[in-house]
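Numbered from 1 within each chain, the chains take letters A, B, ... in sequence-line order.
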Amino acid sequence: MSELMGSGVELMFVGMGIVFLFLTMLVIAINLMSSLVQRFFPEAPATTLVVPVVTSTIDKQTVAAITAALHQYRNKQK
Amino acid sequence: MSELMGSGVELMFVGMGIVFLFLTMLVIAINLMSSLVQRFFPEAPATTLVVPVVTSTIDKQTVAAITAALHQYRNKQK
Amino acid sequence: MSELMGSGVELMFVGMGIVFLFLTMLVIAINLMSSLVQRFFPEAPATTLVVPVVTSTIDKQTVAAITAALHQYRNKQK
Amino acid sequence: MENLISLWQSTGIYNFTGGQAFMMLVGFLLLFLAIKKGFEPLLLLPIGFGAILSNIPVAGIAEEGGLLYYLYFGIKAGIFPLLIFMGVGAMTDFGPMIANPKTLLLGAAAQFGIFASLLGALALNAIPGLEFTLKDAAAIGIIGGADGPTAIYVASKLSPDLLGAIAVAAYSYMALVPLIQPPIMRALTTEDERKIEMKQMRAVSKAEKIVFPLMLLLLSILLLPSATPLIGMFALGNLMNASGVVERLSQTAQNELINIVTIFLGLSVGSKLNAHAFLQIETLGILALGACAFAIGTASGVIMAKIMNRFSDTPINPLIGAAGVSAVPMAARVANKLGLESNPHNFLLMHAMGPNVAGVIGSAVAAGVLLSLVK
Amino acid sequence: MENLISLWQSTGIYNFTGGQAFMMLVGFLLLFLAIKKGFEPLLLLPIGFGAILSNIPVAGIAEEGGLLYYLYFGIKAGIFPLLIFMGVGAMTDFGPMIANPKTLLLGAAAQFGIFASLLGALALNAIPGLEFTLKDAAAIGIIGGADGPTAIYVASKLSPDLLGAIAVAAYSYMALVPLIQPPIMRALTTEDERKIEMKQMRAVSKAEKIVFPLMLLLLSILLLPSATPLIGMFALGNLMNASGVVERLSQTAQNELINIVTIFLGLSVGSKLNAHAFLQIETLGILALGACAFAIGTASGVIMAKIMNRFSDTPINPLIGAAGVSAVPMAARVANKLGLESNPHNFLLMHAMGPNVAGVIGSAVAAGVLLSLVK
Amino acid sequence: MENLISLWQSTGIYNFTGGQAFMMLVGFLLLFLAIKKGFEPLLLLPIGFGAILSNIPVAGIAEEGGLLYYLYFGIKAGIFPLLIFMGVGAMTDFGPMIANPKTLLLGAAAQFGIFASLLGALALNAIPGLEFTLKDAAAIGIIGGADGPTAIYVASKLSPDLLGAIAVAAYSYMALVPLIQPPIMRALTTEDERKIEMKQMRAVSKAEKIVFPLMLLLLSILLLPSATPLIGMFALGNLMNASGVVERLSQTAQNELINIVTIFLGLSVGSKLNAHAFLQIETLGILALGACAFAIGTASGVIMAKIMNRFSDTPINPLIGAAGVSAVPMAARVANKLGLESNPHNFLLMHAMGPNVAGVIGSAVAAGVLLSLVK
Ligand code: NA
Ligand code: NA
Ligand code: NA
């Protein structure tokens with residue numbers, strides 16, 4: 001039993017050690033990678049998609065048309 | 001052979017009996033459940049989706065736009 | 001080894017023979033089939049779907065509405 | 001030269017047996033019915049194609065190591081029909097049935113077709129050459145349930161040799177419901193009865209739709225555990241849809257998953273359409289009994305509705321009794337169509353959906369009885 | 001008559017054991033939590049349903065030949081959790097973490113919950129009747145990883161008997177993150193600390209997002225091969241998405257495939273909720289330890305953030321340390337919510353996503369350590 | 001301390017063999033080609049990733065009990081390539097080929113690449129150290145079919161050890177079609193020939209498109225049953241699409257199902273890229289022969305077109321002969337591009353689709369010959 005607890009404690013130290021070691025190396029690797037990529041492949045940053053939320057300013061009929069079209073489309077898909 | 005028919009007849013009576021018993025109990029259970037739900041969770045009834053069928057009153061250009069957009073969307077999905 | 005090459009050469013002749021035989025028979029079969037179908041089931045040829053590309057002539061608001069609707073639709077789907 | 005001879009000896013022409021050729025014709029017939037006649041194409045097209053593939057000489061597509069051999073495991077283990085049942089459950093709306101629970105009794109009555117054709121199968125044993133065991137008879141009877149996955153599930157457990165013929169009969173007759181049912185429905189009802197308008201249904205709340213599948217499952221657990229694989233998966237699909245909290249799972253169960261399983265199930269059922277098992281006098285018996293089962297189920301449903309009409313204060317149009325055989329949603333549409341013929345303002349579709357989905361439950365219950373009593 | 005008796009003897013009522021009835025109640029409770037309370041419904045609904053199905057007497061749905069028996073193979077072989085991990089990888093955006101790599105350390109610190117509860121499990125052996133082996137303790141500890149597929153993968157390898165309880169605990173506590181974390185976060189931080197605004201992140205280029213999963217995989221190959229099944233499938237999904245060249249595969253991995261596997265995985269996990277394995281004093285221990293694991297992980301993350309804040313020139317809001325337990329994205333949302341309470345202009349969501357996804361990597365690494373050292 | 005040592009002894013660094021490291025590099029190279037160069041990413045990305053995963057020391061992902069071990073069953077049993085073929089069939093439009101059936105002969109001629117490289121493989125046995133059996137040679141030759149699933153199907157049956165190299169060669173060369181073909185096409189044709197405009201095609205009716213797959217299947221049943229698994233599944237997919245009655249099954253076969261199987265197939269093919277099987281002089285031979293196969297197939301197609309042009313009253317642009325190798329649709333696009341270079345009004349794409357899809361049939365037929373004669 002006490003031996004088992006000993007294994008557990010050891011496992012805790014080794015385990016947390018590995019976790020920190022691994023993630024610390026990953027931090028270093030990311031920093032290295034980022035600077036390499038930014039130097040050698042200086043591409044424009046990926047912009048996130050912006051979806052205009054304008055529904056409120058559009059007359060009801062248009063929305064109804066879209067709903068109907070989507071419904072037809074969806075039914076056709078099945 | 002005759003014994004087999006006997007088993008069959010018995011199976012018919014037992015089977016239809018169970019089917020009716022089961023579904024009758026389900027009728028009772030539904031009635032009970034509905035009244036309980038309606039008393040203790042008197043939520044607004046779920047309205048069925050109404051799809052406005054207004055396509056005819058919408059000018060052709062809008063429909064064409066939707067079709068094109070759907071097509072693009074659909075292609076993007078793949 | 002030489003025997004193996006012999007098998008290979010034979011396989012080549014037999015193989016290409018079968019491939020040509022098969023596809024030639026398929027040519028004949030298609031011609032036969034097409035004339036039979038055209039005689040006995042003279043249906044209108046299947047027209048390919050034409051998707052009107054009219055997005056450019058439609059005002060921006062409509063397109064925005066469609067985008068928003070599609071987005072909502074898509075999110076609902078998930 | 002040797003190669004040419006060995007190639008010739010490996011052609012289909014050289015190796016064909018009459019039985020294989022005939023079964024391939026059956027396969028092509030099923031494809032014709034599916035494509036040209038629109039008979040249950042989602043199932044009959046893969047089944048017909050499977051029948052063709054599995055009867056190709058030499059190729060061994062349905063033999064050990066072949067594709068259809070592997071796919072068939074999904075039927076042998078009961079996995080495919082249960083997954084289809086889950087998808088069907090997710091597509092089913094129990095609203096109309098909850099609004100008018102007594103229509104459940106119509107779904108019960110229509111199961112008489114199952115037991116009547118079971119008896120019929122045993123009676124056919126009088127014909128020399130036919131020897132249906134009780135298991136065979138039960139598997140044949142289930143055709144009367146008018147429910148594909150249930151029929152395949154029961155047949156795969158009780159009488160796998162007859163599976164091909166039973167599945168083909170079940171789906172063919174389901175496609176023929178618009179032809180089989182109307183004459184029976186007309187014969188058993190008067191013009192006045194067919195004109196009966198039913199009062200509008202109440203709306204059913206979301207809570208009721210969520211509780212129902214659980215209640216159904218619970219009842220089945222308490223009374224008939226042997227039906228719980230079928231009813232359980234059906235209830236699971238229904239609950240996924242009704243609860244609204246796992247929309248993406250429900251959509252997948254109703255679409256991609258059921259589509260994939262349908263392709264596999266159809267092909268594997270087709271692989272059971274081999275000459276050895278199908279070209280027997282038994283098959284003619286199965287086809288005949290299947291037609292009877294549908295007819296008797298239809299009649300029982302209509303008669304039950306007439307009986308209930310006598311004791312009920314709210315009127316029931318007897319036509320909706322015919323929808324109790326299941327065959328969702330064709331049977332409900334047939335009832336609606338006949339109703340409109342007699343009374344152009346009489347829309348029975350929603351009212352017929354109650355007995356229609358009740359029929360699915362009814363045949364699953366009947367399947368449970370057969371699975372637990374027929375050993 | 002015989003039939004009736006044999007039917008009665010095959011009813012659920014006749015055959016029920018107390019344990020089965022209780023486990024069914026547990027199943028219904030899980031359904032209630034999933035549907036009514038919105039607790040991780042995508043997993044808890046199928047798990048709850050699987051618990052009910054597998055405890056039905058007579059039916060044998062989870063026994064050899066039953067549906068859940070076959071589905072469970074996907075867990076036993078480790079296939080399901082790995083496919084889910086691939087889908088999760090495809091859904092994960094490592095952008096915020098790459099923009100601010102040192103948040104990875106928060107994801108490391110939060111894994112202390114895993115090892116602390118592992119020790120806790122061993123300590124509980126002092127209670128008579130409890131006998132957790134080192135494997136059991138490791139499988140219990142992994143609950144603290146707050147990552148469902150990782151917990152199921154590890155438990156299926158180390159302690160399959162406890163799998164049901166561990167999976168239920170993991171998903172339940174993940175759903176409870178908005179309740180468990182805030183008091184701990186408030187207790188360990190001052191109002192001023194919670195007000196800290198973090199500086200806006202730089203944009204991360206597509207090339208970095210493509211290289212990252214490969215780098216992660218490589219590191220794991222070199223240091224910890226035992227973690228590569230998990231990290232590898234996660235990296236594969238992430239690469240499919242980030243590369244943009246296999247959009248249709250990425251979409252399928254994120255949607256239909258993960259949905260299908262989620263249904264199957266949930267049902268199979270549920271099939272491990274049988275009375276024999278679940279109704280043990282061990283289960284109470286597991287539930288208690290799981291709660292501790294989450295609490296300790298949360299605290300470790302917050303404390304680590306406070307320590308880093310002391311040595312860092314750019315300020316770090318300690319609240320985002322709590323997101324290091326993973327439980328994506330709830331833990332990040334909790335951090336965001338608490339931040340807004342103290343400072344209405346403080347949007348921490350994106351900043352908390354870094355430690356949040358780092359926590360997934362951290363627990364996969366911890367899983368690798370346990371799988372390779374606990375024999 | 002013991003733990004630390006045992007952990008160190010379980011790291012990848014400690015256990016790496018040179019062969020594994022090299023194969024991992026091959027895997028990364030494939031990922032680079034897929035992502036950066038856009039070489040058949042749908043296949044080469046999963047294959048490359050599978051190569052990496054299967055060469056990780058200690059982890060055993062491709063060994064018994066590992067994920068790739070289980071997935072590989074789908075290839076060993078021939079299930080994955082056949083399902084992909086069904087999906088490809090559903091995506092294929094035979095219209096252009098039915099409108100101009102004699103282009104089928106171009107698809108026949110281009111299969112000469114298969115048999116020429118088969119002979120080449122046997123000739124290479126003259127080199128000491130190389131010992132290709134007839135089966136190996138046949139499996140290598142099929143690379144010339146320029147059709148991925150066919151190559152994988154044949155290789156898995158005839159020469160599973162070479163499967164990895166063959167699949168990689170097949171997909172790589174398919175991606176290289178735009179580089180390999182043009183010089184050969186230019187060398188074998190005159191400017192005037194490349195300018196030939198082809199007359200507009202007739203429209204093909206829906207009925208013809210429905211009958212065609214059945215006719216194809218029937219011919220294959222009668223003449224070459226060994227090709228029916230491939231041709232049958234292809235015809236099934238095509239019929240599902242052309243018939244229009246099972247739209248939802250057709251969509252699923254073309255999208256989700258083929259996507260799921262593509263991920264699994266790619267990973268499993270990658271798992272055959274292990275040092276033991278791949279790092280052999282044979283692999284160099286396979287790569288060299290594969291390139292020859294493509295070149296010879298292209299040349300045969302072009303020459304056949306020139307011969308046909310001499311005897312035909314309607315003009316045929318010899319460029320479309322090159323599309324006969326299959327590699328759908330790249331080869332047809334190459335023909336179109338070269339046609340436009342010589343004559344800006346010459347759109348050959350639709351005309352090249354005929355031989356292009358004929359090439360798929362042609363290589364399936366050649367596969368059938370090999371499978372039935374090479375024992
Ligand atoms: Na029924
Ligand atoms: Na974690
Ligand atoms: Na080809």
What verdict does the side-chain contact (heavy atoms from CB on, under 4.5 Å) test give for D:Leu217 and E:Ile52, after you've listed the backbone C-alpha separation in whole Å, the side-chain angles of each residue and the deciding distance to 0.1 Å? CA-CA 9 Å; D:Leu217 176 62; E:Ile52 298 172; 3.8 Å; yes
Going through the distances and angles, do E:Lys36 and D:Ile210 end up as a side-chain contact (heavy atoms from CB on, under 4.5 Å)? CA-CA 10 Å; E:Lys36 192 74 184 173; D:Ile210 294 177; over 6 Å; no
Would you sort out whether E:Thr262 and D:Thr252 count as a side-chain contact (heavy atoms from CB on, under 4.5 Å), showing the intermediate values? CA-CA 11 Å; E:Thr262 299; D:Thr252 294; over 6 Å; no
Would E:Ile35 and D:Leu239 satisfy side-chain contact (heavy atoms from CB on, under 4.5 Å), going step by step from the backbone distance to the final call? CA-CA 10 Å; E:Ile35 295 172; D:Leu239 182 68; 3.8 Å; yes
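Distance check: D:Leu218 CG to E:Phe28 CZ gives 5.0 Å after rounding to the nearest 0.5 Å. A distance of 8.0 Å separates CG of E:Asn259 from CD of D:Glu256, quoted to the nearest 0.5 Å. With values rounded to the nearest 0.5 angstrom, D:Leu249 atom CG is found 10.5 Å from E:Ile260 atom CD1. Atom CD1 of D:Ile221 sits about 13.0 Å away from atom CG of E:Asn15, to the nearest 0.5 Å.
Interface remark: E:Phe32 contributes no atoms to any contact with chain D (heavy atom separation under 4.5 Å). With a 4.5 angstrom heavy-atom cutoff, E:Leu267 touches chain D only via side-chain atoms. With a 4.5 Å cut-off on non-hydrogen atoms, E:Leu31 touches chain D through its side chain but not through its backbone. Only the side chain of E:Leu45 has a heavy atom closer than 4.5 Å to any heavy atom of chain D. Within the 4.5 angstrom heavy-atom criterion, atoms from both the backbone and the side chain of D:Thr228 approach chain E. No part of E:Tyr14 comes within reach of chain D, as not one of its non-hydrogen atoms sits under 4.5 angstrom from that chain. Heavy-atom distances place no part of D:Ala227 under 4.5 Å from chain E, backbone and side chain included.
Residue-level contacts of residues 82-94 of chain E with chain D, in order of numbering, are E:Met91; threshold 4.5 Å between heavy atoms. Within residues 74-81 of chain D, the residues having any heavy atom under 4.5 Å from a heavy atom of chain E are, by residue number, D:Ala77, D:Ile79.
The candidate with the highest count of non-hydrogen atom pairs below 4.5 Å against chain E, out of D:Val369, D:Leu371, D:Leu257, is D:Leu257. Top candidate by heavy-atom pairs under 4.5 Å with chain E, chosen from D:Leu223, D:Leu214, D:Leu236, is D:Leu236. With chain D as the partner, the residue from E:Val58, E:Ile61, E:Leu68 showing the most heavy-atom pairs under 4.5 Å is E:Ile61.
Contact record, D:Pro225 with E:Ala59: O-CB, 3.5 Å, taken as the closest heavy-atom pair. When all heavy atoms of D:Leu222 and E:Thr11 are compared, the pair lying nearest together is O-CB, 3.4 Å. Shortest non-hydrogen contact noted between E:Leu53 and D:Gly232 is CD2-CA, 3.9 Å.
The 12-atom threshold is not exceeded at CZ of D:Phe112, counting heavy atoms of other residues, nucleotides or ligands nearer than 6.0 Å.
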